[in-house]
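None of these values were measured; they are calculated from a predicted model.
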Amino acid sequence: MGTLTELKARIASDLTRDDLTSQIADVIGDAIKYHQRERFWFNTTRTKTFNTVPGQVEYGSAALDIIPNIVRIDAIFLPQNQSIYPLDRYEPGDFEFLEGGSTGGGKPTSYTYIDQAIRLWPTPNAVFPMRLHCFYKLPYPADGDTNAWTDDAEELIRAHAKMLLYLDLIEDDENAARMQSKIPVLLEALRRETSSRTSTGVLQGTDF
């Protein structure tokens, strides 16, 4: 698996430039930020869990590191006694009314997501495991570290980063256009793999 350090070195080698260290780091960040908006198999999870705390309504990064970076929650489940209980989702405004009518704690049956945190109702009165299905922003890795942006999506991020360098710094329109033409092809390959990895074989309605 490739690391961020190796990705930076590869871009410098592709450009035959050794004087763009900070600029390369910046455009890699910009490329990742751009593609974080799209759902791939590697930024979707069905296995992340956190435990509730008796008397605590809100759960953020202290409960689970990805919670502040969630783009969309697909579902939250409470596994208990060999059964799985799905929680009902509420929009934040509707959740206010739900909380306002609360008379005590219990086993959570509902949730909302607001201010980069998950809120549960009723307020947990015991430790309950929560299993999260969601799409989240996979972060920028640290130097020497690896994640999907420097491995599975490395070619996409490298092409996008070089396009930005050619456009904004090197001012080479021909090579910028060459990189730009590669991006849709690389993106489509990731989309196809995502579809293949996540397909259930059952047609589902579009989420509007």
> What pairs of residues pass the ring pair (Phe, Tyr, Trp, His ring centres under 6.0 Å) test when at least one of them lies in residues 45-70, not counting sequence neighbours?
Replying inline: F50-Y59
>> I'd like to know whether T109 forms a side chain to side chain contact (heavy atoms under 4.5 Å, CB included) with Y85, so could you lay out the CA-CA distance, the side-chain angles of the two residues, the decisive distance to 0.1 Å, and finally the verdict.
In response: CA-CA 8 Å; T109 60; Y85 300 95; over 6 Å; no
> When you look at Y136 and T45, which way does the side chain to side chain contact (heavy atoms under 4.5 Å, CB included) test go after all the steps?
Replying inline: CA-CA 8 Å; Y136 65 100; T45 181; 4.0 Å; yes
> So, Y113 side chain and P92 main chain: donor-acceptor pair closer than 3.5 Å or not?
Replying inline: no
> Does T146 use its side chain to pair, donor to acceptor, with the backbone of G2 at less than 3.5 Å?
Replying inline: yes
>> Donor-acceptor check, side chain of T52 to backbone of M130, threshold 3.5 angstrom: yes or no?
In response: no
> Would L132 and V53 show up in the same hydrophobic cluster when neighbours are defined by side-chain heavy atoms closer than 4.5 Å?
Replying inline: yes
Let me have the donor-acceptor pairs involving side chains of residues 26-38, under 3.5 Å, with sequence neighbours excluded, atom names and distances please.
unit_1	atom_1	unit_2	atom_2	d
H35	NE2	H160	ND1	2.9
Q36	NE2	L138	O	2.9
R37	NH1	Y34	O	3.3
E38	OE1	R191	NH2	3.1
E38	OE2	R191	NE	2.5
E38	OE2	R191	NH2	3.4

> By side chain to side chain donor-acceptor pair (under 3.5 Å), which residues pair with D18, not counting sequence neighbours?
Replying inline: none
> Sub-3.5 Å donor-acceptor pair from the side chain of T194 to the main-chain atoms of L190, do we have one?
Replying inline: yes
>> The test is side chain to side chain contact (heavy atoms under 4.5 Å, CB included); show your working for L165 and L15 and say whether it passes.
In response: CA-CA 9 Å; L165 287 168; L15 299 175; 3.5 Å; yes
>> List the residues meeting side chain to side chain donor-acceptor pair (under 3.5 Å) with D143, not counting sequence neighbours, and say none if there are none.
In response: K8
> Does K107 make a cation-pi contact with F128 (under 6.0 Å, within 45 degrees of the axis)?
Replying inline: no
> Is the CG atom of D115 crowded by more than 12 outside heavy atoms at less than 6.0 Å?
Replying inline: no
>> Using the ring centroid of each side chain, check whether W149 and F42 are separated by less than 6.0 Å.
In response: yes
>> Check whether N43 reaches the backbone of F40 with its side chain - one donor and one acceptor, N or O, closer than 3.5 Å.
In response: yes
> Does any N or O in the side chain of E6 come within less than 3.5 Å of the main-chain N or O of T3, such that one atom is a donor and the other an acceptor?
Replying inline: yes
> Cluster question for you: counting only ILVMFWY and a side-chain heavy-atom cut-off of under 4.5 Å, with indirect links fine, are I183 and I24 together?
Replying inline: yes
>> So, using side chain to side chain donor-acceptor pair (under 3.5 Å) as the criterion, who are the partners of E58 when residues are at least two apart?
In response: R119
> Does the pair L87 and L120 meet the rule for a side chain to side chain contact (heavy atoms under 4.5 Å, CB included), with working shown?
Replying inline: CA-CA 9 Å; L87 274 66; L120 300 175; 3.8 Å; yes
> How would you list all residue pairs meeting salt bridge (Lys or Arg N to Asp or Glu O under 4.0 Å) that involve residues 173-187, not counting sequence neighbours?
Replying inline: none
> If Ile, Leu, Val, Met, Phe, Trp and Tyr residues are connected whenever their side-chain heavy atoms lie under 4.5 Å apart, and connections chain through other members, are I157 and L186 in the same group?
Replying inline: yes
> Would you find a donor on one side and an acceptor on the other, under 3.5 Å apart, between the side chain of T150 and the backbone of N147?
Replying inline: yes
